[in-house]
Protein chains: 2
Amino acid sequence: MTKSRNRYPTSSDVARLAGVSQSAVSRTFTRDASISTALREKVLTAARELGYRPNALPGIMQGQRSRMIAVVVGGMYNPFYARVLDTLTDELQARGEQVLLSRVESDHALDEAIDQITRYRVDAVVSALAVTTEETARKLSASRIPVVAFNSTLTAPWVSAINSDNAAAGRQAADLLLARGARRFGFIHGPLSSPAEQERFDGFARRLVACGNPAPAEARGDYDYGGGQAAIRELWRAAIPPDAIFCANDLMALGAIDTLRHELSVSVPRSVRIIGYDNIDSCDWLGYQLTSFDQDVNTMVEGAISLIFDREGLGEKSVTVTVSPKLVERSSTR
Amino acid sequence: MTKSRNRYPTSSDVARLAGVSQSAVSRTFTRDASISTALREKVLTAARELGYRPNALPGIMQGQRSRMIAVVVGGMYNPFYARVLDTLTDELQARGEQVLLSRVESDHALDEAIDQITRYRVDAVVSALAVTTEETARKLSASRIPVVAFNSTLTAPWVSAINSDNAAAGRQAADLLLARGARRFGFIHGPLSSPAEQERFDGFARRLVACGNPAPAEARGDYDYGGGQAAIRELWRAAIPPDAIFCANDLMALGAIDTLRHELSVSVPRSVRIIGYDNIDSCDWLGYQLTSFDQDVNTMVEGAISLIFDREGLGEKSVTVTVSPKLVERSSTR
DNA sequence: GGAATGTATGCATAGCTATGCAATGACGAC
DNA sequence: GTCGTCATTGCATAGCTATGCATACATTCC
């Protein structure tokens, strides 16, 4: 009664109540263990009465895999990350793994989060946040557990990456807008361009320039709807605003579309064509029909998982997997 | 080399390398432990070299709190759940707790998920899914750990609930629509009305009838945008369609608005007024301006957390906390 | 009947850290 | 010099389950 508060019952508690040995209890809950039906029933009855659940921790301490995977995300206000987390969790649970979730403000806080997480002996870490600084990469590497990060440019021993082909996406966006007759271009960045985003921009700008067009006007938003609004207002302060805009993500593109239509009375797509990135659900809503790039979350998640579970052959080697984002054209560019 | 694959280094490994006792390593990583600076430095150097992190599992086995809280969600396609998870994770991490995430199809799978989760000795469970069947409540109760479920009608020993005042919200929705001059009403349900949703509907319908109006027409969608579309088409097959609709959540309301405007050429709010539920970010977008009920996620999360951490005084008692959803009127009802 | 095979059960232990306890040494007071 | 006080360090152990090993019993076959 003194410290029994909130105590999980142990296999010995069950054994005592059932009048059997602790081994018998263990065997009852171990598949393919040799035990008679009579004994098993006695154990199950006692277990039910006490609310007993097997304890995974001793096994982990003996050296078995913990079957916990840490997943690090940077906030779910963006439906894209919500979908990544959703898919990842589903896929891991289907394999009998548990997900230890860690939310982190930016990749600078990543290594501190890892310190907490590794106390629980997770088998691996999947980060929806890109690893962008050498410092972080090195610290992750030091923990000597497999880390897979999305959209990272940096890798290190133990630290692998799943990347979209961002430059190719940028070029495709340029080609599409050119084909639709656009002449003056804009790009809306996030607050601090990640390397992945920078590649996207470079691919976009270079292709435009290579085809004899001016470099795109640039503005920054903070990755959400309001940021898209602010950025589009900024672009519209120019003497001659763009007639085609590529946004670093969909939320900003949606903010841009609404502000153009309802605040600046500009028609989309007639006067301005817009492309987003991520292909979140809202892109397909009747009011928007936003052209976007689908990062193919399923393939990326599958890649991340195989990178974790195929470690046997990989050791501490670092691997980079690249997937091609798929352009989904809708009426915002027609 | 044989089974050392992926092995975390132990405090003894560090001790051996540093030429000190295992206790010294432990003390180095324990705050306020008595240890000389010289020894601590030696230990830290060795620890850094091996990538050592303290192991939380033995302590848990000794009876300390695990500082892991399981969070159960039903999928994050709905931004409302994403926000709940986001807030909950933030708040728990701020208290030094870890989040063990479990995704579950429906509350029928809840007890099975609990079986997996409790193997890891979590201190408590927070479920964004409502507990709706006696069966589930009983099974949760049997595990004897604190469970807090959102929007549950059922409770049991150890199983508490954080509820919105759904009936009140329903009545408020009715009052607002009546005040705005609506005369014919509709309600869009989820696929199988949860008890919480049923209360909402009952509050809405009763108030309407009490004020001398006909009962609302009903349709079902599956809680997402497409479901809202299907439901609104169904309602529009009637000879005289409604001029005011209350939806069980925002995603369906948005699908309904878009379908009315772009497919059925009906003006919102001039011809039809619409109210949603949850007050997700999209409600505030310029293209929608959807009137909705804010469930005040912060307060609900705060309530859930205090219900967990104030257990000392509560024991296995079950508690129900009710919060009032706040009506946020926007132009979809003007 | 006796040997061989198989099944069922219990005993004892590894695995890792925090911590109580004891031992050691330093230092100042008398 | 002797003693008390204090800081530092090491030793030994609890906590829980899976599992190898040994034992006991049942079954089968000749």
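Convention: sequence-line order gives letters A, B, ...; per-chain numbering from 1. We use all heavy atoms of the structure for the numbers below, so side chains are in, but hydrogens, waters and symmetry mates are not.
Going from atom CE of Met61(B) over to atom C1' of dG15(D) covers 5 Å, rounded to whole Å. Summarising the geometry, the separation between CG on Asp13(B) and P on dT17(C) is reported as 8 Å, rounded to the nearest angstrom. One can place CD of Gln62(A) at 11 Å from P of dG20(D), the figure rounded to the nearest angstrom. Rounded to whole Å, the distance from CD1 on Ile35(B) to P on dT19(C) is 14 Å.
Lys139(A) and Glu135(A) are joined by a salt bridge, as a carboxylate oxygen and a charged side-chain nitrogen come within less than 4.0 angstrom of each other. Ion pair Glu97(A)/Arg65(A) flagged as a salt bridge, since at least one NZ, NE, NH1 or NH2 atom sits closer than 4.0 Å to an Asp/Glu carboxylate oxygen. Salt bridge annotation for Arg95(B)-Glu91(B): absent, with no cationic side-chain nitrogen under 4.0 angstrom from a carboxylate oxygen.
Applying a 4.0 Å cut-off to non-hydrogen atoms, the residues of residues 37-47 of chain B that approach DNA chain D are Leu39(B), listed by residue number. Within residues 52-60 of chain B, the residues that have a heavy atom under 4.0 Å from DNA chain C are, in order of number, Tyr52(B), Asn55(B), Pro58(B). For DNA chain D, the neighbouring residues in residues 16-29 of chain A, judged by any heavy atom under 4.0 Å, are Gln22(A), Ser23(A), Ser26(A), Arg27(A).
In this structure, Glu112(A) has no salt bridge (charged side-chain N to carboxylate O under 4.0 Å, His left out) partners at least two apart in sequence or on a different chain.
Using a 4.5 Å heavy-atom cutoff, the side chains of Val147(A) and Val126(A) are not in contact. In this structure, the side chains of Leu129(B) and Val104(B) come closer than 4.5 Å at one or more pairs of heavy atoms. At a threshold of 4.5 Å between non-hydrogen side-chain atoms, the residues Tyr120(A) and Ser66(A) do not count as touching. Within the 4.5 Å cutoff, the side chain of Asn55(A) has no heavy atoms near those of the Arg119(B) side chain.
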Check: residues 33-51 of chain A side-chain donor-acceptor pairs under 3.5 Å, at least two apart:
residue  : atom : partner  : partner atom : Å
Ser36(A) : OG   : Leu39(A) : N            : 3.3
Arg40(A) : NH2  : Thr28(A) : O            : 3.1
Thr45(A) : OG1  : Glu41(A) : O            : 2.9

Apply side chain to side chain contact (heavy atoms under 4.5 Å, CB included) to Ile305(A) and Leu307(A), showing your working. CA-CA 5 Å; Ile305(A) 288 186; Leu307(A) 237 43; over 6 Å; no
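Within the structure, side-chain hydrogen bond (donor to acceptor under 3.5 Å, both in side chains) contacts touching residues 72-90 of chain B (residues at least two apart or in different chains) are Arg103(A)-Asp86(B), Arg103(A)-Asp90(B).
Dashed line: the shortest gap from a side-chain N or O of Ser11(A) to OP1 or OP2 of dC16(D) is not under 4.0 Å. Note on Ser36(B): every side-chain N or O is 4.0 Å or more away from OP1 and OP2 of dT8(D).
Ser34(A) comes within contact range of at least one nucleobase, with a heavy-atom separation under 4.0 Å.
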